[in-house]
Participant: 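My structure is below; once you've seen it, I'll send some questions.
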Amino acid sequence: MTNRWKSIGLAALLAGLTLSASYAEAAGVLTIGRREDSTTFDPIKTAQNIDNWVFSNVYDVLIRVDKTGTKLEPGLAESWTTSDDGLTYTFKIRDAKFSDGSPLTAEDAAYSLLRIRDDAASLWSDSYKVIDTAVATDARTLTIKLKNQSAPFLSTLALPNASVISKKGMESLGADAYGEKPIASGAFVVEEWRRGDRVILKKNPNFWQADRVKLDGVEWISVPDDNTRMLNVQAGELDTAIFVPFSRVEELKKDPNLNVDIDASTREDHLLINHAHGDLGKKEVRQALDMAIDKKAIVEAVTFGQGTVANSYIPKGALYHYADNLQRPYDPEKAKKMLGDAGVSNLTLNYLIRPGDEVDEQTAVLVQQQLAKAGITANLQKVDPSQEWDMTVAGDYDISVNYWTNDILDPDQKTTFVLGHDSNNNYLTNYKNEEVKELVAKARLELDPKKREQMYVDLQKMAKDDVNWIDLYYSPYINVSRKNIENFYQNPLGRFFLEDTVKN
């Protein structure tokens, strides 16, 4: 899922510069510095890590991904069975409550799944249209019938956006109010959301695993500037911080008061291309752009050895990653010739970048310099984060660096979102290939693992040929915490297991 931001203002920056010591010193309250503010607490209305990483501890899902990020395990569904024809799933809902003390039932689970499937505001409807019916046959039994067999179905139930919400609460409060201060089904409840500053969570005493939770609360604090965020941790004004700049890793490792955690991830950084803008709609032009960018040089200069060159939208280590996928060689002269053969000269591109994001700014300068060698002008446009996301959604850009981390174990979700989707213009790129879209749908239905793997190999080849976007590099999660913090861990899909974190 993406790192794009929607609503940060000057308040967030000021908050990052002068954090109140009372928060950082509060007993049992973990403070986490992050770049951006949340955008909503309505799970179906976002596709951003900044929201989902908080959702994972405010809501619970029917089925979870384990700490290793490699297998599924029970969540609110303590067990499940599948019919012989693969069309009917029966889930036993555990004895659980919402944060307001009301019982969490199979009816709430059915409501949540039908809402993500049917609600006009849902960004995830395509992944759940396979559901024919979802019915609570009793308070603790959920029966789901599919329209057809679906290989990724169980994996999709672990998506944070498919979290179980309160049917009664949503219907009485309304989506807007619920999206501001939800009724929680997870380890923590939203105590207060100070927009542009912080999200304040407190322990949910009604969580079915409340005995597991060691913290009294968590505060996600917006500190957009990377260096300021690191200084806040070093000064003890923050307990932890995420998105550690690659350039700061070795220095922070030497600080005796800190732990630097480098965890395996499914992160892939890439350059978004707006196919709807003029010459960028030509495949040959996009191929030339790909050849004009030296990914190895970017990895070496920007990631300080932490990253590896990416060759596919499916990240290394993920299911069905195609290790032998094409990597176009860096050849600016050939790229220039390809542009000429395509009838394109003096190509000028608007490159959106986010100030304060050290890696984003460094990458932009390198890409600008590399493209210039192929005769391409990239005008760097630094945009306040509160405007940048809206501009990207509106298609008011030519190129812009972004990243994605997988949210489920199966490749269907990301593949659907970036190659075979309509409602988000294939992740804001306006990429269109009907053959690819058809194969995306077929791969979702194929149950033979070998046949399905070949379909995803073909999709990776087709995406690379079309240059839906330009793959840049894969990298781990890098977070930093004070020595008194234990078990601050993020699994490869990005989930923070804050129910196990301890503040001594």
Side-chain angles (χ1 to χ4, degrees), residues 1-4 35 47-50 52-53 65 69-70 159 242-246 262-273 286 289-290 293-328 354 357 359-360 362-364 366-367 392 399-421 424 426-429 431 436 440 456-457 459-478 490-495:
M1 188 161 297
T2 177
N3 169 44
R4 291 310 183 99
R35 287 194 186 118
Q48 301 190 63
N49 282 337
I50 56 173
N52 276 32
W53 290 354
V65 176
T70 61
L159 180 71
I242 63 177
F243 299 120
V244 174
F246 297 112
I262 299 178
D263 298 324
S265 85
T266 53
R267 174 169 174 156
E268 186 229 354
D269 283 66
H270 46 263
L271 187 72
L272 290 177
I273 302 174
R286 299 193 300 273
L289 282 176
D290 191 17
I293 295 176
D294 187 347
K295 292 84 171 177
K296 184 178 179 181
I298 291 173
V299 167
E300 291 175 350
V302 172
T303 76
F304 290 77
Q306 297 290 345
T308 58
V309 174
N311 68 333
S312 169
Y313 75 92
I314 296 180
K316 186 170 62 175
L319 184 64
Y320 301 144
H321 169 75
Y322 181 44
D324 296 326
N325 206 29
L326 173 67
Q327 289 192 46
R328 290 186 177 86
R354 301 180 289 276
D357 182 334
V359 172
D360 193 36
Q362 290 175 344
T363 302
L366 287 170
V367 170
T392 307
I399 57 176
S400 181
V401 166
N402 194 12
Y403 84 85
W404 182 289
T405 60
N406 287 2
D407 303 296
I408 67 173
L409 297 179
D410 196 276
D412 172 69
Q413 180 227 9
K414 184 177 182 181
T415 302
T416 298
F417 218 72
V418 304
L419 300 180
H421 208 291
N424 66 5
N426 278 329
Y427 202 63
L428 314 176
T429 62
Y431 168 61
V436 168
V440 171
Y456 281 105
V457 168
L459 284 166
Q460 289 169 83
K461 291 179 178 179
M462 296 162 81
K464 180 64 72 171
D465 182 61
D466 282 342
V467 194
N468 68 300
W469 63 33
I470 294 175
D471 302 304
L472 295 177
Y473 59 87
Y474 307 126
S475 63
Y477 298 121
I478 308 177
Q490 190 174 18
N491 80 357
L493 273 63
R495 189 189 191 282

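Just the heavy atoms: all of them, side chains too, but no hydrogens, waters or symmetry mates, feed the values below.
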Participant: Can you find a heavy atom in the side chain of V65 that is under 4.5 Å from one in the side chain of L409?
Facilitator: yes

Participant: Do V302 and L366 have side chains that get closer than 4.5 Å, going by heavy atoms?
Facilitator: yes

Participant: L326: which residues meet the side chain to side chain contact (heavy atoms under 4.5 Å, CB included) condition with it, sequence neighbours left out?
Facilitator: R328, K464

Participant: When you check the side-chain N and O atoms of Y320 and D410, is any donor under 3.5 Å from an acceptor?
Facilitator: no

Participant: Can you check side chain to side chain contact (heavy atoms under 4.5 Å, CB included) on Q327 and K295, steps first, answer last?
Facilitator: CA-CA 10 Å; Q327 289 192 46; K295 292 84 171 177; over 6 Å; no

Participant: Just checking, is any N or O donor in the side chain of T405 or N49 under 3.5 Å from an acceptor N or O on the other one?
Facilitator: yes

Participant: Check step by step if side chain to side chain contact (heavy atoms under 4.5 Å, CB included) holds for V436 and V440.
Facilitator: CA-CA 6 Å; V436 168; V440 171; 4.2 Å; yes

Participant: For the residue pair R495 and W53, establish whether any side-chain heavy-atom pair is separated by less than 4.5 Å.
Facilitator: no

Participant: Could you check if a side-chain atom of D412 sits within less than 4.5 angstrom of a side-chain atom of Y456, using non-hydrogen atoms only?
Facilitator: yes

Participant: Before accepting this row, confirm whether a basic side-chain N of the pair R286/D465 lies closer than 4.0 Å to the acidic partner's carboxylate O.
Facilitator: no

Participant: Between Q413 and D407, is any side-chain donor less than 3.5 angstrom from a side-chain acceptor?
Facilitator: yes

Participant: Tell me, do N406 and R267 make a side-chain contact under 4.5 Å, heavy atoms counted?
Facilitator: no

Participant: Under a 3.5 Å cutoff, is there a donor and acceptor pairing between the side chains of Q306 and S475?
Facilitator: no

Participant: Nearest 0.5 angstrom please: L272 CG to I470 CD1, how far?
Facilitator: 10.0 Å

Participant: To the nearest 0.5 angstrom, please state how far the CD1 atom of I408 sits from the CG atom of L159.
Facilitator: 6.5 Å

Participant: What residues, two or more places apart in sequence or in another chain, satisfy side chain to side chain donor-acceptor pair (under 3.5 Å) together with T415?
Facilitator: Y313

Participant: Verify ring-ring contact (aromatic ring centres under 6.0 Å, His included) between W469 and Y431, making sure each step is shown before the conclusion.
Facilitator: CA-CA 9 Å; W469 63 33; Y431 168 61; 9.7 Å; no

Participant: Output the distance between atom CG (D324) and atom OG (S312), rounded to the nearest 0.5 Å.
Facilitator: 11.5 Å

Participant: Are E268 and K414 ion-paired here, with the side-chain N under 4.0 Å from a carboxylate O?
Facilitator: yes

Participant: Taking only residues two or more places apart in sequence, or in another chain, which ones meet Y473 in a ring pair (Phe, Tyr, Trp, His ring centres under 6.0 Å)?
Facilitator: none

Participant: Roughly how far apart are D466 CG and D290 CG, rounded to 0.5 Å?
Facilitator: 12.0 Å

Participant: In the structure I gave you, are the side-chain heavy atoms of Y477 and F243 within less than 4.5 Å of one another anywhere?
Facilitator: no

